[in-house]
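Notes follow the structure.
Excluded from the calculations below are hydrogen atoms, water molecules and symmetry mates; all remaining heavy atoms, backbone and side chain alike, are included.
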Amino acid sequence: MKVYALLLLLLFFLFFTSIFGDLGLKLAKCQRKIVKISNAKCGDSNQCSNVDSKFIWPNLPTKLKKHVVKRLDYVSRCRLRKCSTSDQELVDSCPMHWNGIYVSLTQASLHIRFSKVVTMEYFRKNNDRIEIKFIEGQSFCKKTREVVDSKLNHYNVGIADFLLMLKNQSTTCQEINFQNLESIDTEDQYRFIQSLLFHLSSMNSSWKIHSKKLYTSLVTTSSQLLDILSFFCPNTLKCITMKEYSFNAIETKALVNTGHWRNAECLDLQHENNISIAEFLHSKTFWTVVPKLEPSDAWAVIENYREKDGRPRGSTFYIRSISPLEIQNILNEYDVPVDNMPVESPWRKDSVLHTQKFPIAGSELVLVVMLMKFEITGKLCLLSNIEEDCYNYYTADPDLD
């Protein structure tokens with residue numbers, strides 16, 4: 001048995017080396033030389049004399065260096081990027097793939113979180129110093145940066161680092177999130193938005209952010225929000241969530257005519273608006289707030305969601321009306337017998353006034369529509385799993401494949 005095991009290990013080794021070839025050998029040699037290389041770069045002349053020059057970082061093949069850079073965390077990339085012009089170009093040529101980048105404002109700082117455990121905090125210390133903390137888990141190490149131009153603030157420094165994460169046009173991101181961690185002065189938010197737009201405008205004219213989702217809850221003007229949106233790739237962006245905004249008629253028309261809006265699969269507007277319900281019906285899921293919901297508009301949404309092969313399981317609509325719904329008039333629009341069939345859902349049972357199940361012809365799905373005093377909401381559920389689907393799928397942030 002031992003002989004067979006040794007033969008299998010030998011075959012595996014031969015198979016492995018045949019696949020990776022020279023690259024595997026170079027990586028192995030680099031691992032053996034890593035200590036000597038580190039010492040050599042630190043200026044240890046004794047070690048330099050013992051290190052083969054081809055194993056020193058600047059002399060390694062570009063392909064091999066790119067493999068190394070792709071495995072570095074963001075902070076390590078930044079440090080390597082500062083070593084030389086060639087290292088800067090190398091790092092910028094290697095794309096990254098982010099699960100999410102979360103940019104948050106507080107009264108005294110700017111936070112950028114780009115993983116579950118890593119956050120960078122930017123503080124304005126005095127007229128010529130900005131302190132940056134790299135926080136990983138519960139521990140952090142402080143880095144202080146001298147700023148020659150006293151007009152620069154921590155927003156400018158943080159935004160520059162934020163855009164560095166996205167500079168490569170092959171870099172992708174699941175979500176970009178702008179929000180407040182606490183209540184801060186509107187002027188500070190405005191200053192941040194101005195800095196963000198300034199830096200965005202300085203990028204190459206063809207440069208775009210390739211993110212699937214955009215969430216913003218910063219208090220800003222609608223024109224600024226449209227400007228920020230223009231820097232996102234409309235073919236990549238699939239989910240848009242906006243809070244704390246107000247559009248006039250001209251800006252509303254500009255918003256709904258953007259490629260971002262037309263291509264979106266999820267639209268979530270958590271503030272009262274005058275956007276026509278019809279402008280949401282191309283999406284898989286939408287949430288909106290209107291001054292008054294007309295019964296005919298409510299029925300138009302239900303009909304749209306009942307279309308065969310129109311939307312996948314879990315697709316949702318939620319409309320909140322500032323004025324109370326005309327419940328009976330909405331029921332009068334139904335083309336099926338009115339039948340109240342309550343189901344389990346995240347909504348309080350006493351708040352749901354009527355629940356109707358609309359079967360989808362030729363499909364295993366059913367549209368469950370619930371009417372409340374100020375809200376109407378519907379969800380496409382699996383006919384055999386209505387209770388669980390109703391309870392679990394209520395979200396404005398669906399899984400976008």
Looking at the rings of Phe280 and Trp287, which for Trp means the six-membered one, are their centres under 6.0 Å apart?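 So the answer is no for these two rings.
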Pairing residues for Phe358 by the ring pair (Phe, Tyr, Trp, His ring centres under 6.0 Å) criterion, not counting sequence neighbours: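 Ring pair (Phe, Tyr, Trp, His ring centres under 6.0 Å) check on Phe358 returns Tyr334.
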Measure the shortest side-chain to side-chain distance between [X] and [Y] over non-hydrogen atoms and say whether it is less than 4.5 angstrom.
X: Leu218; Y: Ile193; answer: yes
X: Phe286; Y: Leu281; answer: yes
X: Leu200; Y: Leu163; answer: yes
X: Glu175; Y: Asn99; answer: no
X: Ile277; Y: Ile319; answer: yes
X: Thr377; Y: Met372; answer: yes
X: Val69; Y: Leu90; answer: yes
X: Ile275; Y: Thr288; answer: no

Would you say the side-chain atoms of [X] pair up with the backbone N or O of [Y], donor to acceptor, closer than 3.5 Å?
X: Ser276; Y: Asn274; result: no
X: Asp389; Y: Leu382; result: yes
X: Thr171; Y: Met96; result: yes
X: Ser109; Y: Thr106; result: no
X: Lys82; Y: Arg77; result: no
X: His260; Y: Ser230; result: no
X: Ser363; Y: Ile360; result: no
X: Arg311; Y: Ser283; result: yes
X: Gln169; Y: Lys208; result: yes
X: Asn180; Y: Leu105; result: no

Do [X] and [Y] get their side chains close enough for a donor-acceptor pair, meaning under 3.5 Å?
X: Asp87; Y: Trp57; answer: yes
X: Asn385; Y: Glu387; answer: no
X: Thr221; Y: Gln224; answer: yes
X: Gln328; Y: Asn332; answer: yes
X: Ser321; Y: Ser323; answer: no
X: Glu251; Y: Ser222; answer: yes

Closest non-hydrogen atom pair, [X] against [Y]:
X: Glu272; Y: Pro291; result: OE2-CG, 3.4 Å
X: Tyr245; Y: Met242; result: CE2-O, 3.4 Å
X: Ser170; Y: Asn168; result: N-OD1, 2.7 Å
X: Gly378; Y: Leu367; result: C-CD1, 4.1 Å
X: Phe114; Y: Met165; result: CD2-CE, 3.6 Å
X: Gln270; Y: Thr241; result: NE2-CG2, 3.6 Å

Kindly check if the number of other-residue, nucleotide or ligand heavy atoms within 6.0 Å of [atom1] ([X]) is above 12?
X: Arg320; atom1: CZ; answer: no
X: Tyr190; atom1: OH; answer: no
X: Lys292; atom1: NZ; answer: yes

Can you tell me how the ring of Phe178 sits relative to the ring of Phe162, calling it parallel under 30°, perpendicular over 60° and tilted otherwise?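 Rings of Phe178 and Phe162: perpendicular, as their planes differ by over 60°.
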Listed once per pair and sorted, the ring pair (Phe, Tyr, Trp, His ring centres under 6.0 Å) pairs that draw on residues 191-242, sequence neighbours left out: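 Found Tyr155-Phe192.
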Taking atom CD of Gln189 and atom CD of Gln194, what is their separation to the nearest 0.5 Å?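 Nearest 0.5 Å value for the CD-CD distance: 13.0 Å.
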Inter-residue atom distance Ile101.CD1 - Asn177.CG, 0.5 Å rounding: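 If we round to the nearest 0.5 Å, Ile101:CD1 and Asn177:CG are 11.0 Å apart.
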Quick one: do Asp161 and Tyr122 satisfy side-chain hydrogen bond (donor to acceptor under 3.5 Å, both in side chains)? Show the steps, please. CA-CA 10 Å; Asp161 284 346; Tyr122 300 80; 2.6 Å; yes
Could you go through Glu344 and Lys349, starting from their C-alpha distance and side-chain angles, then the distance that decides it, and tell me whether this counts as side chain to side chain contact (heavy atoms under 4.5 Å, CB included)? CA-CA 8 Å; Glu344 289 291 329; Lys349 289 184 178 180; 2.9 Å; yes
List the residues meeting side chain to side chain contact (heavy atoms under 4.5 Å, CB included) with Glu307, not counting sequence neighbours, and say none if there are none.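 For Glu307 the side chain to side chain contact (heavy atoms under 4.5 Å, CB included) partners, ignoring immediate neighbours, are Asn304.
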Evaluate His154 against Phe123 for ring pair (Phe, Tyr, Trp, His ring centres under 6.0 Å), listing each step before the verdict. CA-CA 6 Å; His154 56 290; Phe123 299 85; 7.9 Å; no
Please determine whether side-chain hydrogen bond (donor to acceptor under 3.5 Å, both in side chains) holds for the pair His97 and Thr172, giving the CA-CA distance in whole Å, both sets of side-chain angles, and the decisive distance to 0.1 Å. CA-CA 5 Å; His97 305 285; Thr172 58; 2.9 Å; yes
Is the closest basic N to carboxylate O distance between Glu279 and Arg262 below 4.0 Å?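 A salt bridge links Glu279 with Arg262.
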